[in-house]
Student: 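My questions all concern the structure below.
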Amino acid sequence: MNDSESNARTAPGAEGGPGLDFIREAVTEDLKSGRYSYVRTRLPPEPNGWMHIGHAKAFSIDYFVAKDFGGTCNLRFDDTNPAKEDMSYVEAIKRDSKWLGLDCGDRLFFASDYYEKLYDLAVKLIKKGVAYVDDLSDQEIREYRGTAVPDKNNITMTPPGRNSPYRDRPVDENLDLFARMRAGEFADGSKTLRAKIDMAHPNLVMRDPVMYRIRREHHYRVGDAWCIYPMYDFQHPLSDALEGVTHSLCSLEYEIHRPLYEWFIREAEVFPSRQIEFSRLNITHTVLSKRWLLRLVQDGVVSGWDDPRMPTIAGLRRRGYTPESIHDFLGRIGIAKTDSLVDIQLLEHCLREDLNRRANRVMAVLRPLKLIIENWPAGTVDELDAVNNPEDASAGTRKVPFSGELWIERDDFAEVPPPKYFRLFPGNSVRLRYGYIVTCTGFDKDPATGEIIAVRCTYDPDTRGGNAPDNRKVKGTIHWVSADRAVPVEARLFDKLFVAERPMDVPEGVDWVTTVNKDSLEALTGAYAEPSLAEAMPGASYQFERLGYFCYDSDSKPGSLVFNRSVSLRDSWAKIEKKQA
RNA sequence: UCCCCGGUUGUGUAAUGGUAGCACAGCAGACUCUGGAUCUGCUUGUGGGGGUUCGAAUCCUCCCUGGGGAACCA
């Protein structure tokens with residue numbers, strides 16, 4: 001167990017006092033009162049999209065609550081809507097949850113494996129007289145339920161619903177009809193099985209909810225074996241019960257369904273699972289909705305579910321996020337019932353903190369400008385020692401070649417320096433990281449365009465390694481790459497996917513897809529890196545000194561490496577610049 | 001305003017009748033061969049009114065305000 005993991009939960013067994021979130025408090029109480037003698041949770045994804053960090057929050061709550069109380073956690077796919085589900089999503093979700101360390105092992109289940117048992121339970125409810133076959137159309141069901149009616153003040157009122165004319169069919173007839181529904185005797189949508197509860201119930205979901213619908217749709221697992229499919233409200237509590245789940249943890253949107261959850265469990269006389277709700281995760285400048293994410297993929301706004309700008313687990317992984325940083329983040333945001341919008345900077349902070357500890361440093365120049373050292377002995381190369389990770393001595397050192405022509409960052413030279421600028425400008429000295437102290441003697445300009453094409457300087461041979469023997473104060477240190485030994489690389493820089501803090505809040509009539517940040521991706525194809533980076537492997541993360549953390553991207557090919565910027569370094573110069581502007 | 005659930009610094013979360021704390025962000029400074037890292041300090045909060053109590057973020061009440069709910073989706 002590492003720090004970030006332990007951060008994601010609190011010590012189990014406490015008496016329910018300070019330090020426990022409200023869910024762990026409730027679980028503690030349930031164990032103490034004897035309501036349950038063990039703890040079992042479940043992760044219930046529907047395989048209709050890839051896992052995003054909002055799911056990761058839910059998953060980690062389920063997983064760690066179980067773990068904290070010595071219980072177990074099931075991974076169960078809630079696959080009861082064949083129209084939207086697919087095996088590729090199952091595989092993606094399994095892969096991503098495993099990568100996060102939320103590995104349920106062989107506790108892998110599918111609601112579709114319970115179809116037969118669920119059917120039997122439906123029959124049981126019919127026999128008890130609390131379920132009936134209805135012939136109303138979907139439109140009629142909505143109307144009978146008590147549709148919205150604007151009153152004189154244009155305020156939505158909800159009148160009591162009316163009973164369906166088929167509500168009081170005899171049990172035998174319901175049994176017969178339901179069997180024939182399954183047998184495929186009726187057209188899609190022509191009949192439903194409904195729970196007989198209360199059409200005047202103030203909670204709309206209790207107004208005789210649909211339990212089964214007829215839908216001739218090929219299911220990715222059961223094929224064409226069924227033409228009736230159970231609805232979530234019926235299937236979910238009973239699947240939980242069948243698995244002996246004690247605590248069914250879900251997001252706030254299901255809160256209003258809890259009475260129904262309890263109704264089905266009571267009427268079916270099955271294991272009394274308990275549903276507890278918490279608030280779902282929202283993050284600034286992004287969206288955590290499968291529907292929205294799917295649209296981004298389908299419209300080609302991003303390159304796929306694993307585009308590094310996506311808040312999906314696959315996207316975050318490709319961006320360079322580590323499981324540890326994600327768990328750290330999830331631990332810090334906590335668990336509550338208030339609607340929240342977490343600052344994306346917190347996520348980035350967690351990544352920086354993790355990578356600062358573990359990523360090796362390397363030098364790379366993103367926007368190159370030639371630096372010519374006029375007094376460098378022609379043709380000679382110096383091999384300098386560079387520290388791999390100042391945060392971790394065991395990472396060791398490496399050799400970096402230095403010569404008379406280097407690439408430096410275009411931003412690190414100014415013809416006319418702005419206030420407080422202490423990098424290269426005519427007459428000024430800077431330290432070349434791990435190299436020598438150089439003094440700018442001038443620069444070359446393209447007479448036609450006015451573009452600066454090279455900077456000239458002299459070096460001080462006594463400062464090898466960057467030390468000034470005379471204790472001279474050199475304010476600036478810049479990074480560099482030897483021009484003749486540089487490895488050409490492509491660097492991809494990312495910015496927030498949406499400019500707006502809350503992308504969901506689009507003005508009326510505006511298609512939200514048009515509000516994506518057009519500048520969220522910047523590919524720098526002419527970048528150079530020090531030779532050691534040629535060895536970069538998939539999954540590797542580096543700190544490009546002074547620039548940020550970068551990871552090897554899967555688009556890399558031998559001889560043409562691509563690196564994604566996971567997150568920039570904290571940049572206090574950027575703040576000064578901003579203030580000056 | 002038919003039903004349900006929430007409101008603690010800018011953001012997220014603690015405090016479970018007894019000093020309103022922590023983290024991120026922000027600001028200021030120290031240090032530094034990354035304008036990185038690290039360290040120090042600072043600002044800002046219990047939605048409002050009444051009530052109970054020696055004492056209320058916490059309990060009661062009214063108001064205000066945000067979210068969710070009327071799919072043969074999950």
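What's counted below: heavy atoms across the whole structure, side chains too, no hydrogens, waters or symmetry copies. Each chain gets a letter, A, B and so on, in the order the sequences are listed, and its residues count up from 1. Bear in mind that the values here come from a model prediction, so they are computed numbers and not experimental data.
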Student: Do any N or O atoms of the protein come closer than 3.5 Å to N or O atoms of nucleotides 20-23 of chain B, and which pairs are they?
Tutor:
from, atom 1, to, atom 2, distance (Å)
B:rA23, O2', A:R332, NH1, 3.0

Student: Remember a base hit wins even if backbone is also touched, and classify A:E391 as base, sugar-phosphate or nothing at under 4.0 Å, heavy atoms.
Tutor: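 If one applies the 4.0 Å heavy-atom cut-off, A:E391 turns out to touch a base.
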Student: For A:H257, report the nucleic acid contact type (base, sugar-phosphate, nothing); a contact means any heavy atom under 4.0 Å.
Tutor: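 Here A:H257 touches the bases of the nucleic acid.
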Student: If you measure from the P atom in B:rC3 to the same atom in B:rC22, how many Å do you get, rounded?
Tutor: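 About 42 Å, rounded to a whole number of Å.
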Student: Considering just the side-chain nitrogens and oxygens of A:R570, establish if one lies under 4.0 Å of OP1 or OP2 belonging to B:rA37.
Tutor: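 Result: yes.
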Student: Identify whether any heavy atom of A:L384 sits under 4.0 Å from a base atom; if not, whether one sits that close to sugar-phosphate; answer base, sugar-phosphate or nothing.
Tutor: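 Nothing, no nucleic acid heavy atom in range.
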Student: Report the residues that fulfil side chain to side chain contact (heavy atoms under 4.5 Å, CB included) with A:A529, sequence neighbours left out, ordered by chain and then residue number.
Tutor: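 Result, side chain to side chain contact (heavy atoms under 4.5 Å, CB included) vs A:A529: A:A364, A:V489, A:L533.
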Student: May I ask you to say what A:N467 touches in the nucleic acid, namely base, sugar-phosphate or nothing, with a heavy-atom cut-off under 4.0 Å?
Tutor: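 Base: the residue A:N467, judged by heavy atoms under 4.0 Å, touches a nucleobase.
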Student: With heavy atoms under 4.0 Å as the rule, sort A:Y421 into base, sugar-phosphate or nothing.
Tutor: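 Base contact - A:Y421 has a heavy atom under 4.0 Å of at least one base atom.
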Student: For the C1' atoms, the ones on B:rU8 and on B:rA70, what distance do you get once it is rounded to whole angstrom?
Tutor: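 Straight-line distance between the two C1' atoms is 34 Å.
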Student: Assign A:E545 to base, sugar-phosphate, or nothing according to its heavy-atom contacts below 4.0 angstrom with the strands shown.
Tutor: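 Since a base atom lies under 4.0 Å of A:E545, the category is base.
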Student: For atom P, what is the distance between B:rU52 and B:rU46, given to the nearest Å?
Tutor: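 Nearest-Å result for B:rU52 against B:rU46 at atom P: 23 Å.
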Student: Under 4.0 Å, heavy atoms only, any strand: does A:P44 hit a base, just the sugar-phosphate, or nothing?
Tutor: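 Nothing, no nucleic acid heavy atom in range.
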Student: Verify the distance criterion only: is there a donor paired with an acceptor across the side chains of A:S279 and A:D339 at less than 3.5 Å?
Tutor: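 Not at all, the side chains of A:S279 and A:D339 share no donor-acceptor pair under 3.5 Å.
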Student: Please check if any side-chain donor atom of A:N389 sits under 3.5 Å from a side-chain acceptor atom of A:E391, or the reverse.
Tutor: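 Not at all, the side chains of A:N389 and A:E391 share no donor-acceptor pair under 3.5 Å.
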Student: Which dot-bracket notation, 5' to 3', represents the base pairing of RNA chain B when pairs are defined as Watson-Crick or G-U with both distances under 3.5 Å, crossing pairs as [ ], and inter-strand pairs as |?
Tutor: .((((((..((((....[..)))).(((((.......)))))....(((((..]....))))))))))).....
Student: With RNA chain B as reference, determine whether A:K57 or A:K290 sits nearer its 5' end, using the nearest nucleotide of each.
Tutor: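 Per heavy-atom nearest nucleotide, the more 5' residue is A:K57.
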Student: Looking at residues at least two apart in the chain, or sitting in another chain, which of them share a side chain to side chain contact (heavy atoms under 4.5 Å, CB included) with A:A359?
Tutor: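 Partners of A:A359 under the side chain to side chain contact (heavy atoms under 4.5 Å, CB included) test: A:L355, A:Y549.
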Student: So what does A:M363 hit on the nucleic acid, given a heavy-atom distance under 4.0 Å: a base, only sugar-phosphate, or nothing?
Tutor: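 No contact.
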Student: Looking at A:R258, does any N or O in its side chain come under 4.0 Å of the phosphate oxygens OP1/OP2 on B:rC3?
Tutor: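 It does not, given that no N or O in the side chain of A:R258 lies less than 4.0 Å from OP1 or OP2 of B:rC3.
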Student: Touch check for A:I576, heavy atoms < 4.0 angstrom, all strands: base, sugar-phosphate only, or nothing?
Tutor: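 Since a base atom lies under 4.0 Å of A:I576, the category is base.
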Student: Would one find a side-chain N or O of A:T338 under 4.0 angstrom from OP1 or OP2 of B:rG67?
Tutor: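 Indeed not, no polar side-chain atom of A:T338 lies that close.
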Student: Report which part of the nucleic acid A:I478 touches: base, sugar-phosphate, or nothing (heavy-atom distance under 4.0 Å, all strands).
Tutor: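 The residue A:I478 makes no contact with any strand.
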Student: B:rA25 and B:rG17: how far apart are their P atoms, nearest whole angstrom?
Tutor: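 Approximately 34 Å lies between the P atom of B:rA25 and that of B:rG17.
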Student: Report yes or no: is there a donor-acceptor pair, N or O only, under 3.5 Å between the side chain of A:Q543 and the base of B:rU34?
Tutor: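 Result: at least one qualifying N/O pair found.
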Student: Is A:D240 paired with A:R76 through a side-chain N to carboxylate O contact shorter than 4.0 Å?
Tutor: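 Result for this pair is yes, salt bridge flagged.
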Student: Looking at OG of A:S532 and CZ of A:R398, how far apart are the two atoms once the value is rounded to the nearest 0.5 Å?
Tutor: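 With rounding to 0.5 Å, OG (A:S532) is 5.0 Å from CZ (A:R398).
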Student: Are the aromatic rings of A:F64 and A:H327 close, with centres under 6.0 Å apart?
Tutor: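 Yes.
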Student: Provide the distance between the two C1' atoms, one in B:rG66 and one in B:rU1, to the nearest whole Å.
Tutor: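 Comparing C1' positions in B:rG66 and B:rU1 gives a spacing of 15 Å.
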Student: Does CZ belonging to A:R180 count more than 12 external heavy atoms closer than 6.0 Å?
Tutor: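 Enclosed: over 12 neighbouring heavy atoms sit under 6.0 Å from CZ of A:R180.
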Student: Using a heavy-atom cut-off of 4.0 Å across all strands, would you classify A:D138 as base, sugar-phosphate, or nothing?
Tutor: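 Base: the residue A:D138, judged by heavy atoms under 4.0 Å, touches a nucleobase.
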Student: Can you see if the side chain of A:K475 gets near the phosphate of B:rU32 - specifically, an N or O under 4.0 Å from OP1 or OP2?
Tutor: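 A:K475 to B:rU32 OP1/OP2: no side-chain N or O under 4.0 Å.
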Student: Got a sec, which residues hit side chain to side chain donor-acceptor pair (under 3.5 Å) with A:K84, two or more places apart in sequence or on another chain?
Tutor: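 By the side chain to side chain donor-acceptor pair (under 3.5 Å) rule, A:K84 matches no residue at all.
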Student: Using a cut-off of strictly less than 4.0 Å between a heavy atom of the residue and any atom of RNA chain B, enumerate the qualifying residues of residues 202-216 of chain A by number.
Tutor: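 Listed by number, they are A:P202, A:L204, A:V210, A:R213, A:R215.
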Student: Below 6.0 angstrom between ring centroids: does that apply to A:F544 and A:F563?
Tutor: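 Ring-ring flag for A:F544/A:F563: true, centres closer than 6.0 Å.
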Student: Is A:R142 near enough to B:rA71 that one of its side-chain N or O atoms lies under 4.0 angstrom from OP1 or OP2?
Tutor: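 Indeed, a polar side-chain atom of A:R142 lies that close.
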Student: With rounding to whole Å, what would you report as the distance between B:rC31 and B:rU40 at their P atoms?
Tutor: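 So the two P atoms sit 15 Å from each other.
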Student: Within the 4.0 Å heavy-atom criterion, would you say A:F422 contacts the bases, only the backbone, or no part of the nucleic acid?
Tutor: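 It contacts base atoms.
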Student: Does A:D339 or A:K473 map to a spot on RNA chain B nearer the 5' end, using the closest nucleotide for each?
Tutor: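 Checking each residue's closest nucleotide, the 5'-ward one belongs to A:K473.
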Student: Does a side-chain N or O of A:K337 approach OP1 or OP2 of B:rG7 to a distance below 4.0 Å, or not?
Tutor: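 For A:K337, the contact criterion (side-chain N or O under 4.0 Å from OP1 or OP2 of B:rG7) is not met.
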Student: Under 4.0 Å: is that the gap between some side-chain N or O of A:T80 and OP1 or OP2 of B:rA74?
Tutor: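 Looking at the OP1 and OP2 atoms of B:rA74, one of them is under 4.0 Å from a side-chain N or O of A:T80.
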Student: Taking the P atom in each of B:rU43 and B:rG21, what is the distance between them to the nearest angstrom?
Tutor: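 Taking atom P in both B:rU43 and B:rG21, they lie 11 Å apart.
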Student: How far, in whole Å, is B:rA56 from B:rU19 if one measures between their C1' atoms?
Tutor: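 Rounded to whole Å, the distance is 14 Å.
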Student: Can you confirm if the aromatic rings of A:Y261 and A:Y254 lie within a centre distance of less than 6.0 Å?
Tutor: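 Not under 6.0 Å, so no.
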Student: Would you say the ring centroid of A:Y542 lies under 6.0 angstrom from that of A:F550?
Tutor: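 Judged by ring-centre distance (under 6.0 Å), A:Y542 and A:F550 do not meet the cut-off.
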Student: Check whether any side-chain heavy atom of A:K399 lies under 4.5 Å from a side-chain heavy atom of A:L384, and answer yes or no.
Tutor: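 Answer no - side chains too far apart.
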Student: Between B:rG36 and A:S572, is there an OP1 or OP2 to side-chain N/O distance shorter than 4.0 Å?
Tutor: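 Yes.
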Student: Out of A:Y132, A:Y229, A:W226, A:F178, which one pairs with A:Y212 under the ring pair (Phe, Tyr, Trp, His ring centres under 6.0 Å) rule?
Tutor: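 It is A:F178; the other options fail the test.
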